[in-house]
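First the structure, in the form of structure tokens, and then the observations on it.
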Amino acid sequence: MAMKRAVQSLLASSSTLTRNLHASGEKKKIVGVFYKGNEYASNPNFVGCVERALGIREWLESQGHQYIVTDDKEGPDSELEKHIPDANVIISTPFHPAYITAERIKKAKNLELLLTAGIGSDHVDLKAAAAAGLTVAEITGSNVVSVAEDELLRILVLVRNFLPGYHQAVNGEWNVAGIAHRAYDLEGKTVGTVGAGRIGKLLLQRLKPFNCSLLYYDRLRMNTDLEKEIGAKFEEDLDAMLPKCDVIVINMPLTEQTRGLFDKNRIAKCKKGVVIVNNARGAIMDTQAIADACSSGHVAGYGGDVWPIQPAPKDHPWRYMPNHAMTPHISGTTIDAQLRYAAGVKDMLDRHFKGEDFPEQNYIVKEGQLASQYR
């Protein structure tokens with residue numbers, strides 16, 4: 001087994017070296033897949049849309065590179081599919097993901113780099129990318145503040161039962177009891193985050209002033225000084241933590257191990273009346289199990305901006321289940337986040353063209369090896 005891994009690593013390294021030799025000094029074809037800005041694209045800082053194209057078109061084309069930008073990403077007749085065979089670089093975002101499957105990777109004979117404008121690269125078949133010697137990278141840290149702030153917002157929206165009140169105001173109604181009968185203070189509640197990486201830590205820091213009991217489950221424990229500073233307690237056993245929590249927040253990547261992690265059985269271990277917020281990845285949840293738990297009242301509210309497939313189908317059950325605070329995938333694509341990840345994409349493309357390494361934390365697949373969080 002060790003010999004097999006060594007051979008695979010050697011082959012991937014050889015393939016990566018060949019691709020990197022081609023990466024330096026040549027004119028490249030870069031394909032960007034983003035959502036359309038439409039009538040909102042007039043904002044010059046709205047760089048994450050098709051029309052603004054991360055603000056890098058002039059820079060790329062001035063160097064002789066070809067830059068194709070589209071939102072058309074699904075199916076054999078899509079614009080993305082048309083350009084895959086001769087693309088050198090594909091840039092996508094988690095908000096309108098270009099699903100780069102093993103089949104697409106096989107067709108992409110010139111592909112060198114898959115770059116995520118943002119964080120989270122599970123829209124790529126990472127094992128296939130590693131086997132093909134591709135580099136997969138993202139703009140680590142570019143939108144962690146944006147996502148953590150959004151998580152705090154959704155916690156408050158659900159705990160305070162805000163949405164029924166908003167709908168009453170819009171619909172000309174006035175029924176205080178219809179809101180107050182299930183509205184609570186956040187103070188004094190127990191909040192647990194499943195995953196305490198960059199976003200999880202930022203959320204815990206922002207929760208501290210609310211005087212909550214803070215718990216976290218993660219494969220790695222924080223250092224004790226940071227635990228004391230934040231006031232968070234480490235839980236070694238996820239299933240032991242869940243029944244303690246009034247609020248559970250999901251802050252882990254989507255991997256083979258975490259896909260469907262919150263199924264019917266695990267949700268049943270949560271406290272009755274729990275609030276769940278998930279801005280990580282929709283597929284960490286069993287879709288129907290969440291819808292059923294919200295309908296039964298076992299889950300008092302579920303909120304997030306991530307769906308198992310994006311864009312979500314019009315008939316997706318999360319659109320219609322009671323007591324939800326779902327939106328399209330927006331938490332990490334604020335204007336501030338867009339400016340950060342656009343600058344990061346430009347920097348990493350520049351490094352790629354020069355044959356330079358990226359910051360180590362930005363690699364998801366490098367020389368045939370997956371980053372530790374995806375293994």
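Residue numbers run from 1 in the order of the sequence given.
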Could you list the donor-acceptor pairs under 3.5 angstrom formed by side chains in residues 120-128, with sequence neighbours left out?
from, atom 1, to, atom 2, distance (Å)
Ser121, OG, Thr116, OG1, 2.9
Ser121, OG, Glu138, OE1, 2.7
Asp122, OD1, Arg281, NE, 2.6
Asp122, OD2, Arg281, NE, 3.3
Asp125, OD1, Lys127, N, 3.4
Asp125, OD1, Ala128, N, 3.0
Lys127, NZ, Glu256, OE2, 3.0

Show me the donor-acceptor pairs, under 3.5 Å and distance only, between side chains in residues 226-235 and residues at least two apart or in other chains.
from, atom 1, to, atom 2, distance (Å)
Glu227, OE1, Arg221, NH2, 3.2
Glu227, OE2, Tyr216, OH, 2.5
Glu227, OE2, Arg221, NE, 2.8
Lys233, NZ, Glu235, OE2, 3.2
Glu235, OE1, Lys244, NZ, 3.0
Glu235, OE2, Lys244, NZ, 3.2

Output side-chain donor-acceptor pairs under 3.5 Å for residues 31-43, partner residues at least two apart or in another chain, one line each.
from, atom 1, to, atom 2, distance (Å)
Tyr35, OH, Thr333, OG1, 2.8
Asn43, OD1, Asn45, N, 2.9

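For the residue pair His96/Lys73, the side-chain donor-acceptor check at 3.5 Å is not satisfied.
Using a 4.5 Å heavy-atom cutoff, the side chains of Cys49 and Gln338 are not in contact.
When hydrophobic residues (I, L, V, M, F, W, Y) are linked wherever their side-chain heavy atoms come within less than 4.5 Å, Leu220 remains an isolated member.
A tilted orientation is assigned to the rings of Trp307 and Trp318, their planes being inclined by 30° to 60°.
Using a 4.0 Å cut-off between a side-chain N of Lys or Arg and a carboxylate O of Asp or Glu, Arg351 and Asp357 do not qualify as a salt bridge. The residues Asp350 and Lys354 are annotated as salt-bridged, a charged nitrogen and a carboxylate oxygen being separated by less than 4.0 angstrom. A salt bridge is absent between Lys106 and Glu103: the closest approach of a Lys/Arg side-chain nitrogen to an acidic carboxylate oxygen does not fall below 4.0 angstrom.
Rounding to the nearest 0.5 Å gives a distance of 4.5 Å between CG of Asp292 and CD of Gln288. Note that the CG atom of Leu158 and the OH atom of Tyr302 stand 11.0 Å from one another [nearest 0.5 Å].
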Run the numbers on Thr327 and Arg154 for side-chain hydrogen bond (donor to acceptor under 3.5 Å, both in side chains), then give the verdict. CA-CA 10 Å; Thr327 66; Arg154 290 177 204 262; 2.9 Å; yes
side-chain hydrogen bond (donor to acceptor under 3.5 Å, both in side chains) for Arg340 and Ser146? Distances and angles first, verdict last. CA-CA 11 Å; Arg340 288 191 294 266; Ser146 313; 3.1 Å; yes
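Applying the ring pair (Phe, Tyr, Trp, His ring centres under 6.0 Å) test to every pair with at least one member in residues 239-269, sequence neighbours left out, gives no pairs at all.
Taking the salt bridge (Lys or Arg N to Asp or Glu O under 4.0 Å) definition, one finds that Asp218 meets it with nothing, sequence neighbours left out.
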